[in-house]
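Report on the following structure.
Numbers restart at 1 for each chain; the letters A, B, ... are given by sequence-line order, proteins then strands.
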There are 2 protein chains.
Amino acid sequence: MPKRGMQPIRRHELVVAAVQAIHERGLNGVTMGDIAKRAGVSPALAHHYFGSKDELLSATMRHLLGEFALAARRRLAEAGDPRGRVDAILEACFAPEQFSPAVISAWLAFYMQSIHDTAAARLLAIYLKRLEANLRHDLRPLVGDGAPALARGIAAMIDGLWLHAALPTLHRSPGEALGILRDYVDGRLAVART
Amino acid sequence: MPKRGMQPIRRHELVVAAVQAIHERGLNGVTMGDIAKRAGVSPALAHHYFGSKDELLSATMRHLLGEFALAARRRLAEAGDPRGRVDAILEACFAPEQFSPAVISAWLAFYMQSIHDTAAARLLAIYLKRLEANLRHDLRPLVGDGAPALARGIAAMIDGLWLHAALPTLHRSPGEALGILRDYVDGRLAVART
DNA sequence: TATTTTTAATTGACTGCTCAATCAATAAAA
DNA sequence: TTTTATTGATTGAGCAGTCAATTAAAAATA
């Protein structure tokens with residue numbers, strides 16, 4: 001069996017498996033066995049490549065952050081005026097790549113983890129600060145001094161819509177979420193113009 | 001030691017302790033020992049009064065739901081016109097009683113639990129449906145057909161603001177959250193009037 | 001009133017299980 | 001022969017849940 005150069009492949013497989021496993025069992029409920037089984041390897045191998053459960057989960061979090069940053073950057077590169085750039089960010093948040101139930105669950109699990117885990121909190125804070133800074137920057141020409149508050153509101157609403165999207169009983173669609181967000185932004189822009 | 005009639009007192013103490021313990025260790029990280037210690041009793045007693053960890057956590061969730069329902073009802077009873085009633089709901093969400101860090105953490109932990117626990121999901125769905133129904137009812141005279149979408153947006157933003165309030169690194173205040181929410185509602189009302 | 005009996009509260013000690021982490025052994029590629 | 005991939009078996013810790021024993025209040029009885 002031993003083909004060489006497996007390390008990066010296995011690490012990626014395990015991280016992807018971790019996202020799924022977290023979705024089904026929760027961040028604290030998940031075991032190395034769950035993750036390894038889903039990746040088709042033994043629990044011992046997961047330890048071999050990550051050293052500890054903490055490290056695997058931490059790598060999973062960084063993976064999610066990285067994927068999102070990539071998606072956002074791609075969309076922003078193609079956007080034009082400020083309003084278009086704001087929309088690019090919103091779309092990145094609800095694009096199908098980001099928006100699978102498992103990915104949302106895992107994201108939210110890391111949010112919760114950040115409440116009592118300072119390492120996770122640091123990572124998440126960087127992401128949130130950057131998101132808000134981007135929004136603020138593009139909102140400034142649209143709403144002036146109202147930009148900081150609106151950016152915070154949008155960031156909060158994004159996370160709230162994610163939270164609701166993660167609850168199966170509510171069965172909300174990404175399209176609906178985007179509509180609600182756009183209504184919010186448009187409402188505030190209309191007020192700002194008067 | 002044995003004073004009689006301890007059951008309701010101990011149950012309440014344990015539920016309150018559970019909220020604190022969940023805040024510090026997370027829903028799945030928390031142990032009966034954590035909770036019992038914080039309540040000043042032995043782990044065995046917690047089992048005696050609740051039968052299982054699941055039952056204790058479930059009772060804790062029902063406690064939070066009940067407390068919020070009470071706060072909302074009180075405020076709604078004193079509210080006047082539709083806009084005032086909407087504001088009463090928003091204020092109930094960010095009132096200090098509801099808004100301690102521990103209480104928010106516990107709320108969010110139950111949200112996460114609902115992703116893979118159908119019993120929790122059922123309870124939470126009832127709460128969310130009722131919240132949205134109340135909002136929709138009072139928004140109808142203000143924005144007509146836009147009421148359902150706006151109600152969903154408000155509900156999502158409330159939860160997003162809670163989520164952000166739970167993250168210590170962001171240090172957001174309840175007052176700021178209320179301001180952002182009111183701006184959102186006012187923006188949509190202004191658009192609806194034109 | 002004095003006593004015995006019953007009942008509720010409470011805990012320490014124990015059990016069994018799950019799981020993270022370790023390690024020595026095996027297999028194959030280089 | 002060396003290096004890398006991989007696993008089965010094992011260890012040790014932590015925790016939910018059980019149970020028998022202890023204490024004291026309350027109720028019943030003498």
Side-chain angles (χ1 to χ4, degrees), chain A residues 1-61 106 109-110 112-113 116-117 119-120, chain B residues 1-61 106 109-110 112-113 116-117 119-120:
Chain A
M1 294 174 189
K3 298 261 168 154
R4 299 185 60 162
M6 283 284 102
Q7 189 174 55
I9 297 167
R10 289 283 184 242
R11 282 182 65 98
H12 184 258
E13 286 172 345
L14 282 163
V15 161
V16 169
V19 171
Q20 280 295 330
I22 289 166
H23 173 53
E24 288 172 27
R25 310 280 249 235
L27 187 55
N28 281 294
V30 87
T31 71
M32 289 299 259
D34 287 335
I35 299 170
K37 186 188 240 180
R38 195 163 259 96
V41 299
S42 73
L45 196 68
H47 271 98
H48 175 65
Y49 281 127
F50 287 94
S52 73
K53 186 184 178 184
D54 266 10
E55 241 311 290
L56 169 47
L57 294 179
S58 172
T60 305
M61 183 175 188
F110 285 126
M112 297 304 294
Q113 182 75 359
H116 40 253
D117 173 346
Chain B
M1 293 174 187
K3 297 260 169 161
R4 299 185 63 165
M6 282 285 103
Q7 190 175 52
I9 297 167
R10 288 285 183 243
R11 283 183 64 100
H12 185 257
E13 287 173 344
L14 282 164
V15 162
V16 170
V19 171
Q20 280 295 329
I22 290 166
H23 174 53
E24 288 172 27
R25 309 283 247 233
L27 226 195
N28 284 293
V30 87
T31 71
M32 289 300 257
D34 286 335
I35 300 169
K37 185 189 242 179
R38 195 163 261 93
V41 298
S42 72
L45 195 68
H47 271 99
H48 176 64
Y49 282 128
F50 287 94
S52 72
K53 185 183 178 184
D54 267 9
E55 241 309 290
L56 169 48
L57 294 178
S58 172
T60 305
M61 182 175 187
F110 285 126
M112 297 304 293
Q113 183 74 359
H116 40 253
D117 173 345

Excluding sequence neighbours, so at least two apart, what forms ring-ring contact (aromatic ring centres under 6.0 Å, His included) with A:His12? A:His63
Tell me the salt bridge (charged side-chain N to carboxylate O under 4.0 Å, His left out) pairs involving residues 19-32 of chain A, sequence neighbours left out? A:Glu24-A:Arg38, A:Arg25-A:Asp34
Atom-pair distance (CG on B:Asn28; C1' on C:dT18), nearest Å: 14 Å
For D:dA5 and A:Tyr49 - does any side-chain N or O of the residue sit under 4.0 Å from the phosphate oxygens OP1/OP2? yes
Contacts of A:Glu13 that satisfy side chain to side chain donor-acceptor pair (under 3.5 Å) - sequence neighbours left out: A:Arg10
Within this structure, what is the CD-to-C1' distance between A:Gln7 and D:dT4, rounded to whole angstrom? 10 Å
Letter per nucleotide, 5' to 3', of nucleotides 19-25 of chain C [B base touched, S only sugar-phosphate touched, - untouched; heavy atoms, 4.0 Å]: SSBBB--
For the side chain of B:Met6, counting heavy atoms from C-beta on, which of C:dT10, C:dT11, D:dT7 is nearest? C:dT10
For nucleotides 5-7 of chain C, list the nitrogen or oxygen atoms of the protein found under 3.5 Å from its nitrogen or oxygen atoms, one pair per line.
none

Using side-chain contact (heavy atoms from CB on, under 4.5 Å) as the criterion, list what pairs up with B:His47, not counting sequence neighbours. B:Met32
Could you go step by step and tell me if B:Val41 and B:Leu14 meet the side chain to side chain contact (heavy atoms under 4.5 Å, CB included) rule? CA-CA 9 Å; B:Val41 298; B:Leu14 282 164; 4.0 Å; yes
B:His116: side-chain contact (heavy atoms from CB on, under 4.5 Å) partners, not counting sequence neighbours: B:Gln113
Would you list the atom pairs, donor with acceptor, under 3.5 Å between side chains in residues 54-61 of chain B and any protein atom, with sequence neighbours excluded?
unit_1  : atom_1 : unit_2  : atom_2 : d
B:Ser58 : OG     : B:Arg62 : NH1    : 2.6
B:Thr60 : OG1    : B:Leu56 : O      : 2.8

I need the CD-P distance between B:Glu13 and C:dT10, as an integer number of Å. 9 Å
Has A:Arg10 got a side-chain N or O lying under 4.0 Å from the OP1 or OP2 atom of D:dT6? yes
Once you round it to whole Å, what is the distance between P of D:dC15 and CZ of B:Phe50? 20 Å
List for me each residue that meets side-chain contact (heavy atoms from CB on, under 4.5 Å) alongside B:Ala119, sequence neighbours excluded, and say none if there are none. B:Asp117, B:Arg122
